[in-house]
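Order of the sequence lines sets the chain letters (A, B, ...), proteins ahead of strands, with each chain counted from 1. Since this is a predicted model, take the numbers as computed values, not measurements.
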Amino acid sequence: MAEQPDKTTSSPTKEPSKDLEKERRKIKSVAKMKEIMTTYYIDAKTARDNGKKVAWITSGGPVEFLIAMDVIPVYPENHGAMIGASKMGVDLCEKAEEMGYSRDLCSYARSDIACSVTNGGPIGGLPAPDFLVCCNNICGTVLKWYEVAARYYDVPLFILDTPFIHTSFSESAKKYVIAQTYEYIAFLEKQCGKKMDYDRMNDVARLAVEGLRLWQAVLDTAAHKPAPMTAFDAFFHLALIVTLRGTQITVDYYKQLLDEMNQRIKDGIAMVPNEKYRLLWDNLPVWYRTKWLSDKFASHNACLVGDTYTSAWSGVMDLIDEHNFIETGAVAYSSVYINVSLDMMMETLEKLIKKYDVDGLVMHSNRSCKPYSLGQYDLQKRVMKELNLPTLIIEADMVDERSFSESQIETRIDAFMETLKG
Amino acid sequence: MEILEKIKVISKNPYQYATDLKQAADKPVVGNFCSYTPEELIYAAGGVPFRLFGTQEDIVLADAHLQSYCCSLVRGGLEDALRGRLKFLAGAVFPHTCDSIQRLSDIWRLNAGLDFHLDVVLPVKLDTESARTYMIDVLRDFKTDLETVLGVFVSDDRLWQAIRFYNRLRRVLADIYDLRAKDPDVLSAQDLFHVVRASMIMDRDAFLPMAMELKDALAEKVKPVTENTGKRILLSGGICNHPDIYGILEASGGEVVWDDLCTGTRYFEGFIDENNENDETADPVAAIARRYMSRVVCPAKHLGTTARGENLLQLVKAHDVAGVVFLFLKFCDPHGFDYPYLKKYLDDAGVPSLLMEVEAQLPSEGQLKTRFETFMDMI
Ligand code: SF4
Ligand code: SF4
C-alpha cells in the first residue's frame, strides 16, 4: 500500500466560462503538501551528506521509532505509487521481468527493484538504505521484496512479524509482537550507535496519534453531502500520514487541511459538481488513471467519497494508548485492515458504507495485490446480499498499465452507473 | 514389486483411498496444503493428515470466489471442496504461508462446510528467540484446539511416541531417496513421486511398514556403481502434481536424482530431537517446534536472506547434480521472488538451470520434450 505525491482533481470541466468555478473547487493546501514532500525527498536524497541514516520501511511499518531516532524513513511503496502516477510503470516492470521477476509479482516491487538497478524512475531511484525495516502486516510480498533489497544493498534487515488475524489475535501473538517491538528498538540503537530517547519517543507517539486523529477527521468530512473532497484527493493527501507520521509537520498540515475542508463545507463547495451518487472505493488506486477515473465518475455525477485504503492507517488508532505506545502500538499495527480476515473486513466495509452513506461499492481487483484482492468476490456477494448495495468490480493493476483495458472498464462503469440511476 | 504397485494405486486415487479409510477406520482425516502442517500433533491426536493438491480439472465453482491471478493449487483446492469431493475430511488445518493461502483459509472457512477449521498462524521469520517462543506457543495453542475439535486428550507420552514415529517415517523416506540417488535404476523418479505422495495422504500407521518393506527391497537391488546414464537433475520449487514430468525428463535424457520440493524432500527433511524424552521437564512440543524452526526453509518463511541459495548449492554438490529444473506454479509469489537470486547462485557456480512455470495442466508433451532436450544439450 502507498500514496502518491501528485495531484489529481476531480473536476471534469474544461469550458473557459467555468474556470472560476473550477478554481474555487481546487484544494488550496495542495501546494503546501507538495512543498513538504519535495523537502522530504531532498532531505532523504542528501541524508548521507548531512550525516543522517536512511531506512527503507514498509507502508504499514512503525515509522515512529525511526522518527524518534532521527532516521529518515523512505518508502519503496510510495516510490512505486509515484512510478505508477508518472506512468513509468510498464517500462520498469518490463526491466524487472528481464531480470527474471515474473510478471505476476506485485508491480510496486517489480518497478522498485528495477529502479534500484537502473537508477531510473521519476526521481532517479531512491536513496540507498543503511538498513531495512519490513513489517508484514500488509502482505508476504514485502518480506520477499525486502530480502531482495537486503541482498542487493547488503544491509541489515529487521522483520517485524505481525501474525495474521483470522478469527482473533491470540495472547501468544500479542506477546510475540510486543517482544519484537523491543527487539526493533535494540536493532535501531545498534544501527544508529545511540540509545533510544524515551521522552522523545513519547512525544513522537503523541504526535503520531494526533496526526492519525486529524487524518481521520479529514476523511470524515467527506461524509458531508456534498463531499468537499473525494477518495482521489485522499489518495494524494495520504502521503504524510504514512511517511512522516509522528512529526509536528504532519500535525500542522492536517490541521490546515481540516480547516480548509470545514471551510469548504461552510461555503458549500463540492468536489464533484452536482454530486448525486456517492460511491465507496476498495483497494489501492489505479495510479496511472486516477484523473481518468475521477473524470469518468464525475461525468455521471458520481463521487467516490470514501475508500478502504486511506483509512487503513487511522482505522486502528483507537487501539493505541499513546502513553503506552510500545505495547499497544504493536497490537494496533497487527490489526490493520489488510491483516485481518474477510469477516473482519466486512465489518469495516459495513461501517464505511454507513458512515459515508454511499449508493454503491467499486472494487478494484488489483492483480498486483493478492492479499487485498483475493476474497473480494466473497465480500462483494455479502455487500450485495446483506446490505443490498450495488457493486462493481474493475479488473486492473495499480502500476502496470498493461493490465488496464480502458474500453472494457469504461463500458462497465457506464453500465454500473445506469443501474444506479435505474 | 508388489508393494510399490499398492502404493501407486493409492497415490493415484487419493480421494477414493481417504473415503475408504474414513469408513474402515475410526480416524478423522485432516486436510492441509502445506508441509508446515504440524503433522506430529495431528497424528498424536489420532488424526490422519491428508495433503491436498487441488484438482487439475476445469475450475468452475471456485471462479466465483477467486480471481484468475491466483495459483492453481489454491483455486483447484477450493474447487474440490466446493464440488463436495472432500466429504471424507473431518476438517482442515491452515498453517500460515503465502498471501494466497492466507485468503484461501478465510474463503474455505466461510464456504467449505467442514466440521472444523483451524488456522495455525506460524511465525514468518524463524531466526530469532522470540519467534522460537512464539512457534512453541502456537503449536501449544494448536494442540489445545485439536483436542477440543477432536474431543481427545494428548498426553506428553503420546506426543513422544508420535515424535519417534515421525522420525522413523522421515528416516525411511530419506533412505529411499538416498538409495535412489546412488543408483537411479532401482526405482523410477515417477515411482518415487508416488511413494512420497502416498506418505502425505495415507494412514501413516499403514504407510510406514510398506515403506520399510520397499526400502529393504530397493537396498537389495542397488549396485555399487550405477549404469544409469541420464544427466543428473535436481527439481526445485513448490508442489509438483505432475508425475508425467519425470517420464518426459527421462525421455529427454535427464534423470531426476533429488529435489527441493515442498511435496518432496522438504516434507521429510529434518528430525526431531528425541534425546530429552526421559527428562521429566522436557517439552515434546518444544522439540517439535525446533524442527520447524530449523528444517530447510520454504520461500514463504524467512531464515536469513541467503539460506535457500546456500541450501540449493549444497544439494547440487552432495548429489552430483548436473542441472536444475525450477518448477513453479504460475502466480506463486514466494517462489517467483526467489527465482532470480537462486538462478544467480547456480550461474555463479556454473550450474545450468531451466525455469518451468506451470498451471494446473502441463504444456503438451511434445513442447515439454523440446524444451527439456534443449536444456539437456546445454548440460
Ligand atoms: S502485495 Fe499489496 S500490500 Fe504488498 S506491497 Fe504489493 S501492493 Fe502493497
Ligand atoms: S504455490 Fe505459491 S502461491 Fe500457491 S499456495 Fe504455494 S506458495 Fe502460495
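- In terms of modelled atom types and a separation under 3.5 Å, the side chain of R151(A) and the main chain of T305(B) share a donor-acceptor contact.
- Looking only at distances, a side-chain donor or acceptor of K381(A) sits under 3.5 Å from a matching main-chain atom of A64(B).
- Judged purely by atom type and a 3.5 angstrom limit, R103(B) has no side-chain atom pairing as donor or acceptor with the backbone of G375(A).
- Counting only N and O atoms by type, the side chains of S172(A) and D141(B) include a donor and acceptor under 3.5 Å apart.
- Pairing each heavy atom of Y176(A) with each of A131(B), the nearest pair is CE1-CA, 3.5 Å.
- For the pair K144(A) (side chain) and H335(B) (backbone), a donor-acceptor distance under 3.5 Å is absent.
- Among I165(A), T167(A), T141(A), the residue making the largest number of heavy-atom pairs under 4.5 Å with chain B is T141(A).
- Heavy-atom minimum distance, V124(B) versus D161(A): N-OD2, 2.6 Å.
- Looking at A173(A), both its backbone and its side chain come within 4.5 Å of chain B, counting heavy atoms on both sides.
- In this structure, the portion of D63(B) lying under 4.5 Å from any heavy atom of chain A is its backbone and not its side chain.
- Atom-to-atom distance recorded for E395(A):CD and Y69(B):OH is 5.5 Å, nearest 0.5 angstrom.
- Remark: K370(A) is not positioned above the aromatic ring of F331(B), lacking an NZ or CZ atom under 6.0 angstrom from the ring centre and at most 45 degrees off the axis.
- Within the 4.5 angstrom heavy-atom criterion, only side-chain atoms of H96(B), from C-beta onward, approach chain A.
- No donor-acceptor contact under 3.5 angstrom links the side chains of S373(A) and Q67(B), judged on distance only.
- In summary, D104(A) and K330(B) engage in a salt bridge, as defined by a charged side-chain N under 4.0 Å from a carboxylate O.
- Judged purely by distance below 3.5 Å, without hydrogens or angles, the side chains of Y182(A) and S130(B) never pair a donor atom with an acceptor atom.
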